[in-house]
Student: 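Handing you this structure, nothing more for now.
Along the sequence shown, residues are numbered consecutively beginning with 1.
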Amino acid sequence: MSTGELLNVEPVELKFPFELKKQISCSIQLSNKTENHVAFKVKTTNPKKYCVRPNSGVVLPRSTCDVTVTMQSQKEAPVDLQCKDKFLLQSVVAGPGATAKDVTPEMFSKEAGHAVEECKLRVIYLPPPQRPSPVPEEEPEEGSSPKATISNNGNSSSGSEMKSLISKLTDEKDAAIKQSNRIRQEMELLRRGGNKTQAAGFSFIFVIVVGLIGLLLGYIIKK
């Protein structure tokens with residue numbers, strides 16, 4: 001910060017993160033320390049390279065004003081990013097109620113007896129900001145893989161379900177065999193007893209039961 005009798009100027013070093021073929025801006029804040037209207041004007045040693053907005057104006061009493069300095073896009077970078085460009089900010093007490101339209105070059109003429117306050121500003125080029133590198137994905141430990149773990153869990157679950165299904169089918173098969181043997185024994189008893197009508201009825205029932213069991217087993221296996 002530069003502190004004069006009229007204005008506080010911050011910063012006094014204009015820092016530009018230099019990048020080729022890109023416009024870069026920085027801001028200067030002017031603070032009026034007085035109860036007067038203060039006129040200001042900004043000059044540079046390289047006017048074609050920089051654009052200053054506003055390059056002149058009036059700061060109201062006890063108020064602030066921001067000035068934006070924009071460096072035009074450059075095709076070549078200076079050696080070691082060294083820059084000799086400079087700015088000069090001049091300020092002078094203006095009349096009451098003065099506005100930016102009232103500012104004239106004659107107001108900053110020392111030869112005319114005006115008390116002109118001056119502040120020199122340096123230009124500094126900074127290396128361009130480093131772009132953050134992408135975060136590398138964490139590599140799984142040797143011999144293990146999250147996807148493989150999920151797959152293994154899925155296979156383990158499928159294996160358990162298959163074992164359960166096979167056990168269930170085996171039990172149903174054993175039950176069907178026992179039922180078939182029981183029916184066969186009853187039919188044998190009826191046959192020996194000579195009741196052919198009842199034997200024929202049980203034979204028909206046996207065929208139906210066996211058919212239903214076969215359909216049930218086929219449905220379960222397909223599912």
Side-chain angles (χ1 to χ4, degrees), residues 1-140:
M1 177 191 298
S2 175
T3 302
E5 295 182 0
L6 301 178
L7 298 178
N8 285 340
V9 182
E10 184 178 4
V12 292
E13 293 182 343
L14 305 184
K15 298 179 180 180
F16 295 91
F18 191 90
E19 292 187 55
L20 292 176
K21 300 180 181 180
K22 183 178 180 180
Q23 286 189 346
I24 308 167
S25 299
C26 70
S27 183
I28 308 171
Q29 186 177 75
L30 309 179
S31 300
N32 188 348
K33 301 168 56 179
T34 73
E35 301 295 337
N36 302 313
H37 287 63
V38 176
F40 70 89
K41 184 178 182 65
V42 182
K43 299 180 179 180
T44 178
T45 57
N46 198 339
K48 293 183 179 181
K49 188 175 180 181
Y50 300 94
C51 177
V52 182
R53 292 290 183 272
N55 62 351
S56 64
V58 173
V59 186
L60 300 179
R62 302 296 178 181
S63 300
T64 61
C65 176
D66 289 332
V67 176
T68 301
V69 180
T70 301
M71 182 177 67
Q72 304 300 320
S73 60
Q74 302 297 304
K75 296 181 180 181
E76 296 181 359
V79 179
D80 297 329
L81 292 181
Q82 297 298 315
C83 180
K84 297 181 179 180
D85 299 334
K86 294 181 181 180
F87 286 80
L88 177 66
L89 187 143
Q90 296 177 309
S91 56
V92 65
V93 176
T99 65
K101 295 180 180 180
D102 301 322
V103 179
T104 62
E106 291 76 13
M107 296 175 64
F108 304 95
S109 174
K110 294 181 180 180
E111 289 76 7
H114 297 293
V116 181
E117 190 172 279
E118 295 182 340
C119 177
K120 295 182 179 180
L121 309 176
R122 295 176 55 204
V123 175
I124 297 178
Y125 291 157
L126 301 177
Q130 297 292 331
R131 296 180 179 179
S133 58
V135 179
E137 296 182 359
E138 294 184 1
E139 296 183 359

Student: Do any side-chain atoms of residues 20-30 form donor-acceptor pairs under 3.5 angstrom with protein atoms, and if so which ones, sequence neighbours left out?
Tutor:
from, atom 1, to, atom 2, distance (Å)
Gln23, NE2, Gln72, OE1, 2.9
Ser25, OG, Thr70, OG1, 2.8

Student: Output side-chain donor-acceptor pairs under 3.5 Å for residues 60-69, partner residues at least two apart or in another chain, one line each.
Tutor:
from, atom 1, to, atom 2, distance (Å)
Arg62, NE, Glu35, OE2, 2.9
Arg62, NH1, Lys33, O, 2.4
Arg62, NH2, Lys33, O, 3.1
Arg62, NH2, Glu35, OE2, 3.4
Ser63, OG, Pro61, O, 3.1

Student: Begin with the C-alpha distance, continue with both residues' side-chain angles, and end with the deciding distance and a verdict on side chain to side chain contact (heavy atoms under 4.5 Å, CB included) for Leu121 and Val9.
Tutor: CA-CA 9 Å; Leu121 309 176; Val9 182; 4.0 Å; yes
Student: Within a radius of less than 6.0 Å around CD of Glu118, do more than 12 heavy atoms belonging to other residues, nucleotides or ligands occur?
Tutor: yes
Student: Could you report the tightest heavy-atom contact between Gly57 and Ala100, atom names first, then the distance?
Tutor: CA-CB, 4.1 Å
Student: Mind checking side-chain hydrogen bond (donor to acceptor under 3.5 Å, both in side chains) for Lys15 and listing every partner two or more places apart, or none if nothing turns up?
Tutor: none
Student: Given side chains that start at C-beta, do those of Val38 and Leu7 come closer than 4.5 Å, heavy atoms only?
Tutor: yes
Student: Taking salt bridge (charged side-chain N to carboxylate O under 4.0 Å, His left out) as the test, write out the residues that go with Glu106, two or more places apart.
Tutor: none
Student: Give the table of side-chain donor-acceptor pairs shorter than 3.5 Å for residues 76-86, with sequence neighbours excluded, one pair per line with atom names and distance.
Tutor:
from, atom 1, to, atom 2, distance (Å)
Gln82, NE2, Asp80, O, 3.3
Asp85, OD2, Lys49, NZ, 3.0
Asp85, OD2, Tyr50, OH, 2.6

Student: On a heavy-atom basis, which atom in Val116 and which in Met107 lie closest, and how many Å separate them?
Tutor: CG2-O, 4.2 Å
Student: Going by the rule ring-ring contact (aromatic ring centres under 6.0 Å, His included), which residues pair with Tyr125 if we only count those two or more places apart in sequence or in a different chain?
Tutor: Phe18
Student: With respect to Val58, which candidate in Val103, Asn32, Thr99 satisfies the side chain to side chain contact (heavy atoms under 4.5 Å, CB included) definition?
Tutor: Val103
Student: How long is the straight-line distance from CG of Asn55 back to OG1 of Thr44, given to the nearest 0.5 Å?
Tutor: 11.0 Å
Student: Please name the pair of heavy atoms, one in Cys119 and one in Val12, separated by the smallest distance, quoted to 0.1 Å.
Tutor: SG-CG1, 4.2 Å
Student: Within this structure, what is the CD-OG distance for the pair Gln90 and Ser109, rounded to the nearest 0.5 Å?
Tutor: 9.5 Å
Student: At what distance, to the nearest 0.5 angstrom, does CE of Met71 lie from CG of Asn46?
Tutor: 10.5 Å
